[in-house]
Visitor: 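Dropping the structure in here first, questions after.
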Amino acid sequence: MSDEMFTLLGWAWDVDLAKRLARRHPVRPAAIRTLTGVKDLIRIDPNHATTVDLTKPILVVPLPCALPPGNRLVIDGWHRIHRALDLGMEKLPAILLDPADERTCRLRGGDI
């Protein structure tokens, strides 16, 4: 089992593996408000959020069951998003994994 895992409802991703796979993908700016659809389901430690590095890219995966197509989920970086929103920022650096990498790091949920 990985050291770092992101879980949401019945889904889970190996974040350590996702970070290794992310090295193959470019870092791009992402509009963070478009990624916050599940924000109310995420537990945030406000004290920890004040210490995060906002230059470190968040990790985003395409949702395989997304309706409509194109929905994405942050699997690493929710404390960075929280801090950025508190500071009034609109964008953060992000890496979007492709569908094959998403499936590789997904531990459960969807078709598993």
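Note that the numbering runs from 1 along the sequence shown for the chain. The shown structure was predicted, so the numbers you read here are calculated from the model rather than taken from an experiment.
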Visitor: Check the pair Asp14 / Arg106 against side-chain contact (heavy atoms from CB on, under 4.5 Å), numbers first and verdict last.
Guide: CA-CA 6 Å; Asp14 180 336; Arg106 186 172 6 123; over 6 Å; no
Visitor: Ignoring hydrogens, what is the shortest heavy-atom contact between Thr104 and Leu17? Give both atom names and the distance.
Guide: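 Distance-wise, the nearest heavy atoms are O-CD2, 3.5 Å.
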Visitor: Can you name the closest pair of heavy atoms from Leu54 and Ala84 and give their distance?
Guide: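 In this case the closest contact between Leu54 and Ala84 is CD2-N, 4.3 Å.
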Visitor: How many angstroms lie between atom CH2 of Trp11 and atom CZ of Arg108, to the nearest 0.5 angstrom?
Guide: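 Answer rounded to 0.5 Å: 11.5 Å.
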Visitor: For a side-chain contact (heavy atoms from CB on, under 4.5 Å) with Phe6, tell me which candidate from Val61, Val74, Leu73 qualifies.
Guide: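 The option that passes is Leu73.
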Visitor: Do the non-hydrogen side-chain atoms of Leu96 and Pro62 ever get within less than 4.5 Å of each other?
Guide: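 The answer is yes; the side chains approach within 4.5 Å.
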Visitor: Do the side chains of Asp101 and His25 get nearer than 4.5 Å, heavy atoms only?
Guide: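 SC-SC contact between His25 and Asp101 confirmed.
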Visitor: Specify the closest pair of heavy atoms between Ala31 and Thr34, including all atoms of both residues, with the distance to one decimal.
Guide: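 Scanning both residues completely, I find the closest heavy atoms to be O-OG1, 2.6 Å.
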Visitor: What closest approach, in Å, do Leu35 and Arg72 show between heavy atoms, and which atom pair accounts for it?
Guide: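 Shortest heavy-atom contact: CD2-CB, 4.2 Å.
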Visitor: Can you see which heavy atom on Met5 is nearest to which on Ala12, and at what distance?
Guide: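 The answer is SD-CB, 4.0 Å.
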Visitor: Using a 3.5 Å distance criterion without hydrogens, assess whether the side chain of His79 forms a donor-acceptor pair with backbone atoms of Asp45.
Guide: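 Between the backbone of Asp45 and the side chain of His79 there is a qualifying donor-acceptor contact (under 3.5 Å).
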Visitor: I need the Thr36 OG1 to His82 NE2 distance, nearest 0.5 Å.
Guide: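 Rounded to the nearest 0.5 Å, the OG1-NE2 separation comes to 12.5 Å.
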Visitor: Is a side-chain N or O of Asp16 found less than 3.5 angstrom from the main chain of Asp3, in a donor-acceptor match?
Guide: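 Yes.
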Visitor: Between the side chain of Arg83 and the main-chain N/O of Asp86, is any donor-acceptor distance below 3.5 Å?
Guide: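 Not at all, since once roles are kept as given, no pair shorter than 3.5 Å links the two residues.
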Visitor: With respect to Arg80, which candidate in Leu85, Ile58, Thr55 satisfies the side-chain contact (heavy atoms from CB on, under 4.5 Å) definition?
Guide: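 Among Leu85, Ile58, Thr55, the one that satisfies the side-chain contact (heavy atoms from CB on, under 4.5 Å) with Arg80 is Ile58.
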Visitor: Are Ile44 and Trp78 packed together at the side-chain level, in the sense that at least one heavy-atom pair is separated by less than 4.5 angstrom?
Guide: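 Sidechains of Trp78 and Ile44: in contact.
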Visitor: Could you tell me the separation between the CG atom of Leu92 and the CD1 atom of Ile32, rounded to the nearest 0.5 Å?
Guide: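 Going from the CG atom of Leu92 to the CD1 atom of Ile32 covers 4.5 Å.
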Visitor: A quick test of your reading: do over 12 heavy atoms of other residues, nucleotides or ligands sit less than 6.0 Å from NZ of Lys39?
Guide: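 Check fails, neighbour count at 12 or below.
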Visitor: Write down the atom of Glu4, the atom of Asp76, and the distance for their closest heavy-atom approach.
Guide: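 Looking at all heavy atoms of both residues, the shortest contact is OE2-OD1, 3.2 Å.
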Visitor: Just how far is it from atom SG of Cys105 to atom CZ of Arg20, taken to the nearest 0.5 Å?
Guide: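 Cys105 SG to Arg20 CZ: 10.0 Å, rounded to 0.5 Å.
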Visitor: Got a second to check how far Leu97's CG is from Ile75's CD1, nearest 0.5 Å?
Guide: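 Leu97 CG to Ile75 CD1: 6.0 Å, rounded to 0.5 Å.
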Visitor: What's the spacing between Lys91 NZ and Arg28 CZ if we round to 0.5 Å?
Guide: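 Interatomic distance, Lys91 NZ to Arg28 CZ, rounded to 0.5 Å: 12.5 Å.
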